[in-house]
Amino acid sequence: MRVRAPSVPFRPPRSFSMAVTGSVRVRLAPSPTGTLHIGTARTAVFNWLFARHHGGSFLLRIEDTDRERSRPEYTDNILEGLHWLGLDWDGEPVIQSERIEAHRAAIAQLLASGHAYRCYANEAELTAMRELQQAQNRAPRYDNRHRDLSPEQEGAFLAEGREAVIRFRIDDGAVITWQDLVRGEMRWAGSDLGGDMVIARRAPADQIGDPLYNLVVVVDDAAMAISHVIRGEDHIANTAKQLLLYAALGHTPPVFAHTPLILNQEGKKLSKRDGVTSISDFQSMGYSAEALVNYMTLLGWSPPEGMGERFSLEQAAAVFDFGRVNRAGARFDWDKLNWLNGQVLHGLDPEILRQQLLPLWAARGWGSDGPCAEADWQRQLCALLAPSLTLLADGVEQALPFFTRPEPDAAALAQLASDGARPALAALLALLPEDGEALSAEQAQALLGQAASQAGVKKGVLMKSLRAALLGSLQGPDLVTTWRLLHPSGEDRLRLQSSSTVP
RNA sequence: GCCCCCAUCGUCUAGAGGCCUAGGACACCUCCUUUUCACGGAGGCGACAGGGGUUCGAAUCCCCUUGGGGGUACCA
């Protein structure tokens with residue numbers, strides 16, 4: 001190992017396998033106030049990758065303490081999304097709201113040890129305080145006014161019938177530091193934390209109100225024996241506060257890793273307002289879990305030299321470490337996601353692709369009877385279409401002329417009306433073998449040559465016209481294969497008949 | 001406002017003082033392939049934000065500027 005001078009800033013080692021001691025236990029802690037967001041999912045990916053790389057556990061905790069906004073259907077959506085992505089978790093998810101007694105006990109402990117106290121300031125007083133600070137161009141912060149109330153002062157507030165929040169003391173002089181797995185040494189001044197923080201909502205002064213985020217996270221992470229907290233960099237300030245709580249509660253803090261954020265096209269934190277951001281939305285748009293998870297991994301992490309950019313979760317887990325996690329935010333790019341999804345689709349086995357397309361086709365009433373219901377025919381169609389798919393849904397659009405008779409577009413109509421087109425198609429029609437029989441590629445080519453010479457047109461004219469007749473378009477998949485797929489049902493004959501005669 | 005973080009092609013990134021004439025991927029352009037479109041293949045375009053240091057040597061280390069982002073709740 002290279003020896004570095006102390007002045008050299010911390011750089012995470014290339015591999016953390018040596019730096020990680022004991023068992024790795026990480027968690028994802030989504031709050032069910034919305035569907036599974038891509039930012040949360042990417043955090044899940046990093047947690048999962050880290051856990052699997054170290055043979056540790058990836059746990060789930062549903063942070064539903066905001067009763068106003070939490071909804072059970074969101075929990076379902078989050079769990080389903082993670083499952084679909086292949087991010088399997090260990091054990092049953094912890095439901096945070098069920099742990100409220102543990103949270104209250106911790107607050108009671110902080111009250112008893114003098115780390116926390118009751119603050120009787122009401123809404124109006126706090127608002128006035130902040131407005132004054134704003135007016136003086138100072139940072140808004142709680143001025144710790146009730147930190148050391150005398151028994152007389154406290155008694156007076158009580159006599160007024162005031163309720164109280166519970167605040168945790170944050171010394172202005174405190175200096176909080178930690179070694180961040182992606183950012184190196186982090187340092188935060190207690191005076192920049194906004195004053196003593198509220199850890200329990202307002203309640204009658206003889207009670208402990210609803211415990212708040214920073215407190216419950218620390219209590220739960222400690223109880224779950226979380227070894228590494230991996231979350232977005234928007235949590236950095238929370239980490240400083242939480243570290244203070246760990247110390248006051250007598251718990252050993254975990255190791256922290258703050259990952260870069262996913263940004264929108266404008267370079268701002270991706271939010272719901274940016275359109276499609278829910279995993280379930282990507283799913284219904286036809287993106288594959290494989291491509292999506294691959295893309296999310298690439299947003300902020302880079303694979304080692306020689307690995308390439310296409311990989312499975314397992315392959316990434318084998319080499320994942322925070323030394324290769326970038327520090328700057330990453331813009332979301334549809335082009336790259338689309339490319340990745342196309343790559344996945346192109347490489348799909350025709351039978352697998354058929355299984356995925358079947359329900360989509362069925363929704364259009366396709367493929368349930370007749371020659372088009374044959375599995376083998378469908379597989380051939382899938383093999384034909386696969387290389388041109390970007391989204392799964394493209395397999396519906398592009399299969400359309402195989403299941404239904406297409407309406408010729410303007411270019412196709414023009415082609416059919418051009419010199420030699422109809423005679424050539426008529427000649428081909430006359431040579432067409434019986435329906436119901438397979439047509440070999442060689443046979444098809446021979447027929448094409450024969451018909452073209454009989455009609456006295458170039459083969460290219462016939463090819464182009466045949467495409468117009470069969471697909472109603474001048475563009476599409478391989479012509480001979482298309483024709484062969486349309487032949488057994490006699491569909492080629494019908495389309496040639498209607499195209500070779502003047503309407 | 002204050003605090004913190006960040007800064008390489010349009011985008012995602014490689015880069016750990018000499019392997020850099022800065023590499024890869026997406027996008028874009030050209031060509032090949034395909035009697036079409038896509039796929040595939042081969043090329044091309046394209047970046048170290050600026051300024052100071054340190055050093056024989058800086059994309060890399062330090063400082064300043066600029067720009068961008070995050071945070072600043074009785075949400076999580």
Side-chain angles (χ1 to χ4, degrees), chain A residues 2 4-5 7-9 11 14 29-33 63-66 68-70 96 119 121 123 126 130 133-134 136-142 163-167 180 183 186-189 191-194 197-203 209-210 212-214 216-217 232-238 240 258 260-261 263 265-269 295 298-306 308-310 323-324 326-340 342-343 346 385-390 394 398 448 458-464 467-468 471 473-479:
Chain A
R2 177 189 302 228
R4 288 183 175 280
S7 64
V8 172
R11 284 299 289 271
R14 272 303 185 196
S31 74
T33 53
E63 309 221 320
D64 57 346
T65 53
D66 186 340
E68 301 276 301
R69 298 190 300 150
S70 296
Q96 193 161 59
C119 167
E123 207 79 49
L126 292 175
R130 291 195 189 101
Q133 289 164 340
Q134 295 274 7
Q136 293 175 165
N137 232 337
R138 282 156 49 213
R141 72 193 307 269
Y142 174 62
E163 295 193 327
V165 298
I166 298 173
R167 288 186 185 266
D180 195 284
R183 271 146 228 282
M186 299 291 285
R187 178 177 297 264
W188 210 283
S191 54
D192 291 327
L193 256 19
M197 71 167 150
V198 179
I199 55 176
R201 278 202 171 99
R202 177 168 291 113
D210 293 336
L212 261 9
Y213 176 71
N214 282 115
V216 298
V217 165
E233 68 167 309
D234 47 345
H235 279 286
I236 288 179
N238 286 329
H258 291 95
L261 265 20
L263 277 20
Q265 316 291 330
E266 288 78 47
K268 304 210 190 291
K269 184 165 88 163
Y295 182 62
L298 247 17
L299 243 27
W301 180 76
S302 59
E305 209 71 37
E309 292 193 323
R310 287 194 56 208
R324 302 196 70 86
N326 206 37
R327 283 177 295 268
R331 256 174 243 239
F332 186 88
D333 179 29
W334 286 98
D335 283 334
K336 186 115 182 200
L337 206 216
N338 286 338
W339 173 75
L340 235 19
Q343 291 297 304
H346 301 166
L385 263 23
S388 54
L389 306 180
T390 297
D394 296 337
Q398 294 179 22
L448 249 17
K458 285 185 182 165
K459 197 178 172 190
V461 171
L462 176 55
M463 298 278 278
K464 210 171 165 186
R467 178 177 295 286
L471 294 173
S473 161
L474 260 28
Q475 296 167 1
D478 181 73
L479 183 58

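Below, chain A is the first sequence line, B the second, and so on; all start at residue 1. Only a predicted model underlies this, so the values are computations on that prediction, with no experimental measurement involved.
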A25(B) -> Watson-Crick or G-U wobble partner, both distances under 3.5 Å, gives U11(B)
Is there a side-chain contact between Q265(A) and W334(A) in this structure, where contact means two heavy atoms from C-beta onward sitting under 4.5 Å apart? yes
Determine whether V198(A) and Y142(A) make a side-chain contact, defined as any pair of heavy atoms from C-beta on separated by less than 4.5 Å. no
Interatomic distance at P, C6(B) relative to G23(B), whole Å: 26 Å
Mind checking if R310(A) touches a base, just sugar-phosphate, or nothing, with heavy atoms under 4.0 Å? nothing
Side-chain N,O (T65(A)) to OP1/OP2 (A76(B)) below 4.0 Å: yes
Can you tell me the distance, in whole Å, between the CD atom of E68(A) and the C1' atom of A76(B)? 14 Å
Whole-Å gap separating C1' (U11(B)) and CD (E266(A)): 14 Å
Run the side chain to side chain contact (heavy atoms under 4.5 Å, CB included) test against D394(A) and tell me which residues pass, sequence neighbours left out. L389(A), T390(A), L391(A), Q398(A)
Length of the line joining D234(A):CG and C75(B):P, which is rounded to integer Å: 18 Å
I'd like to know if the side chain of D210(A) reaches the main chain of T65(A), judged simply by a donor and an acceptor atom lying under 3.5 Å from each other, with no hydrogens or angles considered. no
Could you give the CG-to-P distance, from D210(A) to C75(B), as a whole number of Å? 9 Å
Please write out each protein N/O paired with an N/O of nucleotides 4-8 of chain B under 3.5 Å, distance rounded to 0.1 Å.
unit_1: C5(B); atom_1: O2'; unit_2: R183(A); atom_2: NH1; d: 2.7

Just call it for H235(A): base, sugar-phosphate, or nothing, with non-hydrogen atoms closer than 4.0 Å on any strand. base
Counting any heavy atom closer than 4.0 Å, what does N238(A) reach on the DNA or RNA strands: base, sugar-phosphate only, or nothing? base
For R331(A) and G67(B), what is the distance between atoms CZ and P respectively, to the nearest whole Å? 16 Å
With P as the reference atom in both, quote the distance from A14(B) to G52(B) in angstrom, rounded to an integer. 28 Å
To the nearest angstrom, the CE-C1' distance between M197(A) and U72(B) comes to 14 Å
If I pick the C1' atom on U8(B) and the same atom on G24(B), what distance separates them, to the nearest angstrom? 13 Å
Min side-chain heavy-atom separation Q133(A)-R130(A) under 4.5 Å: yes
Comparing Q96(A) with G194(A), nearest RNA chain B nucleotide closer to 5' gives the residue G194(A)
Applying a 4.0 Å non-hydrogen cut-off, can you work out what G300(A) is touching in the nucleic acid: base, sugar-phosphate, or nothing? sugar-phosphate
Base, sugar-phosphate, or nothing: which does R69(A) touch, judged by heavy atoms less than 4.0 Å apart? base
For the P atoms, the ones on G18(B) and on C62(B), what distance do you get once it is rounded to whole angstrom? 16 Å
Would you check if the side chain of R324(A) reaches a backbone N or O of S302(A) as a donor-acceptor pair within less than 3.5 Å? yes
Once side chain to side chain contact (heavy atoms under 4.5 Å, CB included) is applied, do any residues pair with S31(A), and if so which ones, sequence neighbours excluded? T33(A), E63(A)
Set of side chain to side chain contact (heavy atoms under 4.5 Å, CB included) partners for I166(A), sequence neighbours left out: I107(A), L111(A), A116(A), R118(A), I199(A), A200(A), I208(A)
Results of ring-ring contact (aromatic ring centres under 6.0 Å, His included) for W301(A) - residues two or more places apart only: F311(A), F320(A)
Once you apply a heavy-atom cut-off of 4.0 Å, does S70(A) come out as touching a base, just sugar-phosphate, or nothing? nothing
Is A468(A) touching bases, backbone alone, or none of the nucleic acid, heavy atoms closer than 4.0 Å? nothing
Using atom C1' in both nucleotides, what's the gap between U30(B) and G71(B) to the nearest angstrom? 48 Å
Can you give one letter per nucleotide of nucleotides 24-44 of chain B, 5' to 3': B if a protein heavy atom sits under 4.0 Å from the base, S if only from the sugar-phosphate, - if neither? BBSS-------BBBSSS----
What does C2(B) pair with, Watson-Crick or G-U, if both distances are under 3.5 Å? G71(B)
Within the structure shown, what part of the strands sits under 4.0 Å from V165(A) by heavy-atom distance: base, sugar-phosphate, or nothing? base
Just by modelled atom types, is the D333(A) backbone N or O under 3.5 Å from a matching donor or acceptor in the Y295(A) side chain? yes
Within the side chain of R141(A), is there an N or O that forms a donor-acceptor pair under 3.5 Å with the backbone of S191(A)? yes
Between NZ of K269(A) and P of G70(B) the distance, given in whole Å, is 7 Å
Integer angstrom distance from the P of A38(B) to that of A27(B): 13 Å
Just compare G15(B), G71(B), G68(B) and give me whichever is closest to any side-chain atom of A237(A). G71(B)
Expressed in whole Å, how much space separates the P atoms belonging to A47(B) and C5(B)? 31 Å
In whole angstroms, the gap separating C1' of U72(B) from CZ of R141(A) amounts to 11 Å
Rounding to the closest angstrom, what is the interatomic distance between U55(B) and U60(B) at atom P? 16 Å
Any heavy-atom pair between the side chains of L298(A) and L340(A) that's under 4.5 Å? yes
